[in-house]
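What follows is a set of notes on a single structure, which appears directly below.
Along the sequence shown, the residues carry numbers beginning at 1. Computed from a prediction, not measured in an experiment: that's the story for all the values here.
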Amino acid sequence: MNCLVNSAMEEVKEIILNAFGDAVAGGELPAEPIPAFGVEVPADRKNGDFSSNAAMVSARAFHKAPRAIAELVAKYAQLSGTYFDKIDVAGPGFLNFYLSPRWFDEVVAAVMTQGTSYGRTDLGAGRKTMVEFVSANPTGPMHMGNARGGSLGDCLAAVLDAAGYDVTKEFYVNDAGNQIEKFGLSLEARYLQALKGEDAVEFPEDGYHGDDIKERAAQYIALYGDKLLNVTPQERRDALVAFALPKNIEALKTDLAAYRITFDNWFLESTLHHGAIDDVVNILKEKGLTYEKDGALWYKNAQVLADKLQKEGKTPEQIEKLGLKDDVLVRANGYPTYFAADIAYHYNKFVTRGFDWVIDVWGADHHGHVARLKGAMDAVGLDGDKLDIVLMQLVRLMRGGEVVRMSKRTGKAVTLSDLLEEIPLDAARFFFNLREPASHLEFDLDLAVKESSDNPVFYVQYAHARICSIIKNLAAEGITRDSSPIGSGLLSAPEEEELIRLMANFPVEIGEAARALDPARITRYTISLASAFHKFYNACRVKDPDMALCRARLELCHAAKTVLENALALLKITAPETM
């Protein structure tokens with residue numbers, strides 16, 4: 001959809017280019033190619049709504065001082081019929097453009113016309129995109145890292161969808177490999193302990209010690225008793241895993257649904273062990289990128305990455321300092337490594353299922369895996385640059401200025417369900433998405449439940465409730481919005497114009513959040529929009545004796561309500577009508 005901020009910027013460029021052409025035609029500038037120039041939004045509105053360096057970068061081409069060129073542009077600029085009513089020259093030759101009332105009126109009209117679609121763009125042009133996130137180990141409940149990853153990944157997927165990408169959300173279930181073997185050993189130990197006594201069976205030192213393992217073993221016994229007591233250990237473990245794993249996966253789905261997250265796909269790692277891993281290993285073998293050592297099959301990761309870095313201009317000395325190492329693909333026991341499965345999984349995403357762009361949301365502790373996986377995509381004949389990894393830093397839960405490390409209920413690490421018993425769901429999703437993924441996050445549990453403007457989610461939701469109250473109170477007096485356009489220039493107070501500028505910028509924010517893979521931009525945007533509305537409310541009386549102005553301000557309230565709802569919808573946070 002048309003973004004009026006971008007339209008205005010394009011119009012600035014057109015005005016400047018036409019002015020250059022007219023100045024050349026008038027003999028005041030030589031007929032020279034016009035260098036590329038920029039148009040930006042100044043940090044200080046005193047310098048206009050848009051500013052351009054066109055005169056500065058043209059000085060050499062036109063053999064004139066930048067200010068003299070800028071004054072010629074201002075002289076020849078045709079503003080009639082455009083979004084601008086003023087242009088001035090500042091400093092050494094900056095061109096500052098000021099928006100006309102027409103632009104502000106059109107922004108409000110666009111919001112009301114587009115409604116729930118306002119903010120959506122076609123930036124992504126339908127590009128088939130996958131966002132894989134959370135992918136928590138199915139051997140236990142979800143913890144804080146998963147909670148932050150869930151909020152970030154879900155909001156990122158929503159932002160990309162709003163930016164015009166064809167988005168699929170996926171959860172990768174690690175139902176194979178070492179962690180499942182450990183899961184089986186842990187279940188077996190708890191099963192046997194429950195039947196024979198804890199002292200009779202030693203629990204694995206590196207096993208999963210959570211109470212959930214005991215619960216699964218007890219559930220099996222309640223249904224089937226001691227039927228596994230006299231089978232082989234492997235049969236016992238396989239049966240317990242087959243019983244417990246689906247229940248754990250269902251519990252993950254339930255926890256995530258309570259967190260307002262649903263996935264399009266739940267992809268089982270085990271499906272890759274039926275030929276997909278062998279296929280990518282064979283591709284790497286055929287390309288001469290594997291070798292055998294100590295009975296295992298290795299991947300020439302160091303060579304692949306070194307070649308890539310060399311092409312990027314890195315010196316041999318710089319590459320050597322990185323200490324690149326090769327990776328095992330297939331262990332000596334014939335079992336593929338997690339890395340081999342990961343290559344096969346991403347090959348499946350790109351080749352088997354045809355995704356154009358793949359995004360993974362990982363914990364920052366996986367940073368060392370990023371380059372080698374992207375390199376492996378190049379190695380199997382794909383484009384590693386089409387794989388993006390969003391690295392997410394850790395969360396520290398705080399209460400009373402102290403770090404909260406354990407759940408009061410279980411004495412173990414705090415789980416997502418623990419958290420949602422303590423704080424509102426809206427606060428959880430908002431706070432976890434308040435900072436860019438790469439930043440550490442301190443989650444203040446006291447602040448999350450505070451009903452004051454200090455609490456950012458309360459502050460934003462209160463803005464929406466305040467708008468609803470204004471609309472309701474005016475309706476009670478018979479003042480409602482109608483279909484007639486608002487009078488041009490009525491919304492001219494600084495607070496009104498700033499609120500409208502922010503509303504106009506919503507599609508831009510969505511686009512920038514998509515480009516930067518940073519959905520926290522939307523969270524911060526809602527705070528800015530709420531702040532602008534509160535300032536407008538305090539400075540401009542909506543119920544004004546001038547009925548034309550009253551109706552214009554009422555329309556502005558409706559528009560602000562729409563944009564705030566649309567932004568909160570991306571975050572899956574409620575927009576209450578009363579508080």
Side-chain angles (χ1 to χ4, degrees), residues 135 137-139 172-189 202-208 231-242 245 267-309 319-320 322-352 360 362 365-382 384 387:
S135 297
N137 194 326
T139 58
Y172 180 55
V173 183
N174 301 122
D175 66 331
N178 289 336
Q179 73 274 12
I180 296 300
E181 290 179 21
K182 190 191 298 184
F183 186 49
L185 287 167
S186 303
L187 286 166
E188 178 185 40
E202 186 178 355
F203 192 81
E205 188 176 338
D206 63 344
Y208 294 120
V231 301
T232 67
Q234 192 60 55
E235 287 176 316
R236 185 183 303 122
R237 292 168 203 155
D238 289 346
L240 288 168
V241 168
L245 194 61
F267 189 98
L268 300 178
E269 179 191 345
S270 57
T271 61
L272 299 170
H273 291 255
H274 303 298
I277 295 175
D278 290 340
D279 290 343
V280 294
V281 168
N282 288 334
I283 291 172
L284 293 171
K285 281 182 178 178
E286 290 167 7
K287 290 177 177 286
L289 294 175
T290 64
Y291 61 92
E292 290 191 14
K293 177 184 172 185
D294 300 328
L297 184 71
W298 292 71
Y299 160 62
K300 297 180 181 178
N301 175 62
Q303 176 187 316
V304 170
L305 293 184
D307 289 346
K308 186 172 185 176
L309 291 168
I319 295 171
E320 188 176 354
L322 295 174
L324 301 174
K325 297 179 180 179
D326 291 342
D327 287 290
V328 176
L329 288 176
V330 183
R331 300 181 184 92
N333 62 7
Y335 204 86
T337 61
Y338 182 86
F339 184 47
D342 223 9
I343 298 172
Y345 175 44
H346 286 80
Y347 188 88
N348 173 279
K349 291 180 182 181
F350 284 115
V351 177
T352 308
D360 296 341
W362 291 352
D365 56 330
H366 289 83
H367 69 93
H369 188 48
V370 174
R372 64 177 186 160
L373 184 57
K374 288 170 73 72
M377 292 300 97
D378 293 330
V380 294
L382 302 174
L387 169 63

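By the side-chain contact (heavy atoms from CB on, under 4.5 Å) test, Q234 is found to be paired with T232, R237, D238, residues two or more places apart in sequence or in another chain being considered. Residues satisfying the salt bridge (Lys or Arg N to Asp or Glu O under 4.0 Å) test with D360, not counting sequence neighbours, are K349. Legend: residues meeting ring pair (Phe, Tyr, Trp, His ring centres under 6.0 Å) with F203, ordered by chain and number and at least two apart, are H209. Under the salt bridge (Lys or Arg N to Asp or Glu O under 4.0 Å) criterion, D378 pairs with K308, not counting sequence neighbours.
Screening residues 328-345 for side-chain hydrogen bond (donor to acceptor under 3.5 Å, both in side chains) gives E170-Y345, D342-H369 as the qualifying pairs, with residues at least two apart or on separate chains.
Put simply, the side chain of S186 gets close to the backbone of Y208: a donor and an acceptor are under 3.5 Å apart. With hydrogens and angles ignored, the 3.5 Å screen pairs a side-chain donor or acceptor of Q179 with a backbone N or O of N174.
Within the 4.5 Å cutoff, the side chain of F267 has heavy atoms near those of the L272 side chain. With a 4.5 Å cut-off on side-chain heavy atoms, P233 and E188 count as touching. Between L322 and L309 there is a side-chain heavy-atom pair separated by less than 4.5 Å.
Here the shortest heavy-atom pairing between A306 and I319 reads O-CD1, 3.6 Å. L373 and W362 get closest at one heavy-atom pair: CD2-CH2, 3.6 Å.
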Scan the side chains in residues 286-302 for donor-acceptor partners under 3.5 Å anywhere in the protein, sequence neighbours excluded, and list what turns up.
{"unit_1": "Y291", "atom_1": "OH", "unit_2": "D326", "atom_2": "OD2", "d": "2.7"}
{"unit_1": "W298", "atom_1": "NE1", "unit_2": "K293", "atom_2": "O", "d": "3.3"}
{"unit_1": "K300", "atom_1": "NZ", "unit_2": "G288", "atom_2": "O", "d": "3.0"}
{"unit_1": "N301", "atom_1": "ND2", "unit_2": "K325", "atom_2": "O", "d": "2.8"}

Query raised in the report: Do I343 and M377 pass the side-chain contact (heavy atoms from CB on, under 4.5 Å) test, and can you show the C-alpha distance, the side-chain angles, and the key distance before you say yes or no?
Result: CA-CA 7 Å; I343 298 172; M377 292 300 97; 4.0 Å; yes
**Report entry** side-chain contact (heavy atoms from CB on, under 4.5 Å) assessment of T271 paired with N348
**Finding:** CA-CA 11 Å; T271 61; N348 173 279; over 6 Å; no
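Heavy-atom neighbours of Y172 OH from other residues, nucleotides or ligands within 6.0 Å: above the threshold of 12.
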